[in-house]
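Below is one structure, written out as C-alpha cells; comments come after it.
Remember, it's 1-based here, ligands and their atoms both numbered in the order they're listed. Along the sequence shown, residues are numbered consecutively beginning with 1.
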Amino acid sequence: MRDELGFGPKRGEASGDDDRPREECGVVGLFEVPDAAQLVYRGLFALQHRGQESAGRAWVQDGDITVDKGMGLVSEVLTTPGPPDARRAIGHVRYSTTGTSSLDNAQPLLMRSRFGPMALAHNGNLTNHAALRRTLEARGAIFQTSSDSEVLAHLVAHGVAQRWLTALEGAAHQLLGGFAYVVLTPSSLVALRDPHGIRPLVVGTRGGGVVVASETAGLDAMGATYLRDVEPGEMLVIDHEGMTTRRPWGPVPAGPTPCAFELVYFSRSDSMSGGQSVHRTRRALGRQLWKEQPADADVVVGVPDSSLPAAMGYAEAAGLPLDFGLVKNRYVGRTFIVPNQDGRTDSVALKLSAVEDVVRDRRVVLVDDSLVRGTTAARLVGLLRRAGAQAVHMRIASPPYTHPCHYGIDTSRSRELAAASLSRPELLERIGADSLGYLSQEGLREALPGRGDWCLACFGAGYPVPVGEEDGEGGEHGDDGVAAPVAGGAPPAQ
Ligand code: SF4
C-alpha cells in the first residue's frame with residue numbers, strides 16, 4: 001500500500017534500524033470460520049514483519065461491518081479479543097514510515113456505497129493510482145485517505161454495474177501494478193491478486209471455512225491448511241455458494257512474475273513459496289553464491305536473521321564452518337526514526353554486535369541477503385574488524401540492487417542505491433571489506449524454485465508492469481502515461 005504523498009519515507013529519511021527495503025503490508029481474511037475476529041490477531045501477528053506502522057481488522061456482525069484499527073504493532077492495537085460470534089473478518093498490517101504516517105491511512109478501510117458496507121485491505125502498489133484518482137475526483141469522489149488503496153472502493157462506487165461483483169470486477173480491471181486485496185462485505189470475502197502475481201496471496205481452509213493470507217505462515221498461525229496460491233489475475237469470490245474464480249483481466253497475457261525479493265528477504269523463512277519453504281530457497285541461494293563467488297576464508301558468518309539460511313548454504317557448499325559471529329539485540333525497539341545517514345549508521349551498532357571469539361584472527365565470509373544503501377554493510381564490516389577479523393569477504397545472496405521497486409516495496413530512490421550510484425571499487429571502499437561478491441541474475445533464477453519467471457526489476461532486469469512518471473524518478477504526481485481510467489469500465493468477456 002503506497003501513500004499518494006510520497007515514496008515511503010520522506011526523501012532522504014529512513015525509518016527503522018537498517019537500510020533494507022521494507023515490505024508494505026500484509027493481509028489476512030476469513031470466511032465462515034468460528035472466532036474469525038480473534039484469529040485475525042494470530043494471522044496478523046505472524047505477518048508482523050510485513051508492516052509495523054499500523055494494524056487493524058474488520059469483522060461482520062449483525063449484517064454490518066465494524067473496524068478496529070490503530071497505530072502500532074498488532075499486540076498494541078488489537079487489545080480486545082473481538083466478538084466471539086464473528087465468522088467473517090479481514091486484517092491488515094502496514095509498514096513503518098515517517099511523515100506520512102497517520103491513522104487515516106491505517107487499514108482496513110470501511111466504505112459505504114449503494115452496494116452496502118465494504119471493508120478492504122491492500123498490499124502492494126497501484127502504478128496508475130494517480131491517474132485513477134484524478135479521474136475519480138473529477139467525477140466527485142471524496143477520498144478519505146491519501147493512500148492508493150482507496151481507489152478500488154471508489155471505482156466500485158462510481159461504476160455503472162448494477163451488481164456488486166460485476167462492479168468489483170470492472171473496478172479491478174482498471175488497476176495496474178503489483179497488489180493483493182482482500183475485500184469483505186457482509187455476505188462475501190474476495191481475494192484479488194494482480195495479473196502478474198507480483199504480490200503474494202495464498203488460500204487455505206479451517207473447519208470448513210476459508211482463510212486467505214499474504215504468506216502461508218499467516219495460514220499456519222490461524223490453524224488453517226494451505227490449499228493453493230491465489231492465481232495471478234484471479235478474483236477469488238468466497239460466499240455461501242463456495243469459492244468461485246473470476247478473471248477481471250481476462251487470460252493473463254504473459255507469464256506471472258512474482259516478486260523474487262519476497263524469497264530473498266521479505267517472506268518468513270517458514271513460509272512456503274513455489275512449492276518449498278523459503279528457508280530452503282535461501283539455502284539454495286547461498287550454495288549458488290558460493291559457486292559464483294568463492295572466498296578463501298576460515299568461517300562463514302550470516303547477518304541475523306534473514307541471511308542465516310543463505311550463510312548456511314554458502315558454508316555447506318564451501319565446506320567451511322558456519323558460526324554466529326554476529327548477534328542481534330532482540331530488545332531494540334522496532335522503530336528508530338533516524339533523520340540522516342549518521343543516525344542510520346549508529347542504529348546498526350545498537351542492534352548487532354560481533355562475537356570476538358568467533359572472528360578473531362580468522363578470515364570471515366560475511367553473507368547478507370541484499371545490499372541497498374551500503375550503510376549496514378559498512379557498519380558490520382567495521383564491527384568484525386574491531387573484533388579482530390583478519391579479513392572480511394562480503395558476499396551478497398542477490399544481484400546488485402540498482403532500481404527502485406514500484407510494486408509495493410519501499411526502497412530508496414535510484415540515487416541512494418549503492419550499486420546504482422557507485423562503481424564496484426567505490427562500493428568496496430565504502431563498505432571497507434577485502435572483497436565483495438554478488439549473486440548474478442542468472443544465479444538467482446537458477447536458485448529460485450520452479451521453472452517460471454520472476455520479477456527481478458530491482459536487480460535491473462526490467463519492470464514487468466509499465467512504470468509511469470508518477471512512480472519514477474520524475475516526480476510524485478506526474479502523468480503516469482498509462483491507460484486512462486474508465487470509471488465503471490467492464491471487465492473483458494469471459
Ligand atoms: S522490483 Fe524487486 S522488490 Fe519490487 S516486486 Fe520486483 S523483485 Fe520485488
Tightest non-hydrogen contact, residues Ser269 and Arg282, listed as OG-NH1, 3.2 Å
Is any NZ, NE, NH1 or NH2 atom of the basic residue among [X] and [Y] found under 4.0 Å from an Asp or Glu carboxylate oxygen of the other?
{"X": "Asp305", "Y": "Lys328", "answer": "yes"}
{"X": "Glu292", "Y": "Arg395", "answer": "no"}
{"X": "Glu150", "Y": "Arg133", "answer": "no"}
{"X": "Arg283", "Y": "Glu316", "answer": "yes"}

For Tyr41, the ring pair (Phe, Tyr, Trp, His ring centres under 6.0 Å) test, sequence neighbours excluded, returns Phe45
Requested in this report: Could you list the atoms of ligand 1 found under 4.0 angstrom from a heavy atom of Ile198?
Outcome: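 Those of ligand 1 that fall under 4.0 Å from Ile198 are 5 (S).
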Residue-ligand contact Arg199/ligand 1, heavy atom below 4.0 Å: yes
Discussion item. Between Asp229 and Val202, is there a side-chain heavy-atom distance shorter than 4.5 Å?
Written reply: yes
Protein N/O/S atoms closer than 2.8 Å to atom 2 (Fe) of ligand 1, ordered by chain and number, come to Cys458 SG
Using a 4.0 Å heavy-atom cut-off, which part of His196 comes near ligand 1: side chain, backbone, both, or neither?
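His196 to ligand 1: no contact under 4.0 Å from either part.
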